[in-house]
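Single-structure report; data block below.
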Amino acid sequence: MNHYFRLLSMFIRHWLGSKTHQDPTDDFVISLRALPLDCDANMHLTNSRYFSFGDLGRIDMMLKTKLGSVALQKRWLGVVNAQSVTYIRPIKPMSKIELHSKLLGWDEKYWYFEHRFIANKTLYASILVRGVFLKGKKPVPMSELLGLVDYTEASPELPLRVIHWKQLLSTKKQESPALA
């Protein structure tokens with residue numbers, strides 16, 4: 001099933017809802033329920049579902065800003081380059097959760113997103129995501145995409161946790177052995 005029904009519902013709500021566009025750096029919130037099929041044998045949200053819910057959060061952001069339509073018109077593809085999840089508490093079946101998604105900032109190549117899973121004002125998990133928009137195989141600077149939707153602000157200062165994560169990703173790339 002993946003998330004086809006959730007995705008279809010999101011598109012329908014967007015098309016029928018308000019056509020005002022939000023700022024790309026706003027906090028975007030969607031409500032979700034951990035259905036039994038989203039859970040594993042341990043009776044909590046399965047690891048992969050967190051990443052799938054994160055996909056929905058980023059799509060929601062793209063729909064609520066003009067970024068989605070511009071990227072689609074230009075045929076630019078948003079690609080996730082790296083993700084890191086921190087599990088704090090298990091999300092049980094049928095739990096209502098809010099997914100808070102936020103574009104934290106960008107650099108010359110990548111954009112950085114955070115997804116926070118919240119229930120009863122308590123943080124259950126957090127995902128950091130690094131991605132890039134591609135035109136063919138070439139990266140499209142985030143500033144170029146944002147400029148096309150009349151967003152000319154500089155990137156917010158990246159949080160320290162993202163700066164450290166960028167350094168870790170760079171180190172991993174440097175230390176990974178090349179296969180012959």
Side-chain angles (χ1 to χ4, degrees), residues 2-4 6-8 10-11 14 21-30 32 38 45-87 97-118 123-176:
N2 213 329
H3 285 301
Y4 297 119
R6 287 177 171 128
L7 190 59
L8 181 61
M10 183 181 290
F11 278 110
H14 171 70
H21 295 285
Q22 290 181 247
D23 186 280
T25 57
D26 283 351
D27 191 28
F28 295 85
V29 181
I30 57 175
L32 298 164
D38 296 323
L45 198 64
T46 188
N47 297 342
S48 63
R49 202 51 104 196
Y50 287 88
F51 294 115
S52 297
F53 283 168
D55 290 342
L56 291 175
R58 289 188 305 282
I59 291 169
D60 178 63
M61 178 270 202
M62 297 293 284
L63 289 172
K64 290 178 179 174
T65 65
K66 296 178 185 178
L67 294 174
S69 59
V70 168
L72 191 60
Q73 289 168 359
K74 295 279 188 180
R75 295 187 179 180
W76 293 345
L77 180 63
V79 178
V80 169
N81 168 270
Q83 295 186 83
S84 176
V85 64
T86 302
Y87 304 104
I97 53 175
E98 285 186 342
L99 177 64
H100 291 249
S101 301
K102 185 161 184 67
L103 177 63
L104 298 175
W106 53 93
D107 56 28
E108 58 282 345
K109 183 175 181 181
Y110 297 108
W111 44 262
Y112 299 89
F113 236 93
E114 181 176 42
H115 301 289
R116 292 173 292 125
F117 295 79
I118 298 174
L123 182 64
Y124 278 69
S126 174
I127 302 175
L128 287 177
V129 183
R130 180 172 81 175
V132 63
F133 279 94
L134 297 174
K135 179 180 183 179
K137 293 183 179 182
K138 292 182 127 184
V140 177
M142 191 64 178
S143 56
E144 183 178 340
L145 176 59
L146 290 168
L148 293 172
V149 297
D150 301 323
Y151 187 86
T152 56
E153 302 292 321
S155 172
E157 187 174 331
L158 290 172
L160 191 56
R161 65 189 179 280
V162 174
I163 293 168
H164 289 302
W165 185 52
K166 283 176 63 172
Q167 292 169 341
L168 175 63
L169 292 173
S170 178
T171 301
K172 280 180 169 182
K173 186 176 179 180
Q174 291 169 3
E175 291 181 355
S176 294

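All residue numbers refer to positions in the sequence shown, counting from 1. Not measured: the values here are computed from a predicted model. Heavy atoms only: backbone and side chains are in, while hydrogens, waters and symmetry mates are out.
- Inter-residue side-chain proximity for Phe113 and Val80 is flagged as unmet; no heavy-atom pair is nearer than 4.5 Å.
- Counting heavy atoms from C-beta on, the side chains of Tyr112 and Asp107 come closer than 4.5 Å.
- Distance check, rounded to the nearest 0.5 Å: NZ of Lys172 to CD of Gln174 gives 13.0 Å.
- Across Tyr50 and Phe117, no two heavy atoms sit closer than the pair O-CZ, 3.5 Å.
- Across Trp111 and Val79, no two heavy atoms sit closer than the pair CZ2-O, 4.1 Å.
- Between Phe53 and Ile127 the shortest side-chain heavy-atom distance does not fall below 4.5 Å.
- Atom CG of Leu169 sits about 7.0 Å away from atom CG of Asn81, to the nearest 0.5 Å.
- Counting only heavy atoms from C-beta outward, the side chains of Leu128 and Leu104 approach each other to under 4.5 Å.
- Leu148 is listed as a side-chain neighbour of Lys74, based on a closest heavy-atom distance under 4.5 Å.
- Residue Ala71 comes nearest to Phe133 through the heavy atom pair CB-CE2, 4.0 Å, listed as atom of the first residue, atom of the second, then distance.
- The closest side-chain heavy-atom distance from Leu146 to Pro24 is below 4.5 Å.
- Looking at Tyr124 and Leu45, their side chains never come closer than 4.5 Å, going by heavy atoms from C-beta outward.
- A distance of 8.0 Å separates OG1 in Thr25 from CE in Met61, rounded to the nearest 0.5 Å.
- Residues Met142 and Leu67 share a closest heavy-atom pair of CE-CD1, 4.4 Å.
- For Asp55, the salt bridge (charged side-chain N to carboxylate O under 4.0 Å, His left out) test picks out Arg58, with sequence neighbours left out.
- Between Leu123 and His100 there is no side-chain heavy-atom pair separated by less than 4.5 Å.
- Put simply, CG on Asp60 and NE2 on His115 are 10.5 Å apart, with the number rounded to the nearest 0.5 Å.
- Ser126 and Glu114 get closest at one heavy-atom pair: OG-OE2, 3.2 Å.
- Rounding to the nearest 0.5 angstrom, the gap separating the CG atom in Leu77 from the CG atom in Leu72 is 10.5 Å.
- Closest heavy-atom contact between Thr65 and Phe28: CG2-CZ, 3.7 Å.
- A donor-acceptor pair is defined here as one N or O able to donate and one able to accept, closer than 3.5 Å; no such pair exists between the side chain of Ser155 and the backbone of Gly105.
- Within the 3.5 Å criterion, the main-chain N or O of Lys166 finds no donor-acceptor partner in the side chain of Ser170.
- Rounded to the nearest 0.5 Å, atoms OG1 (Thr171) and NE2 (His164) are 12.0 Å apart.
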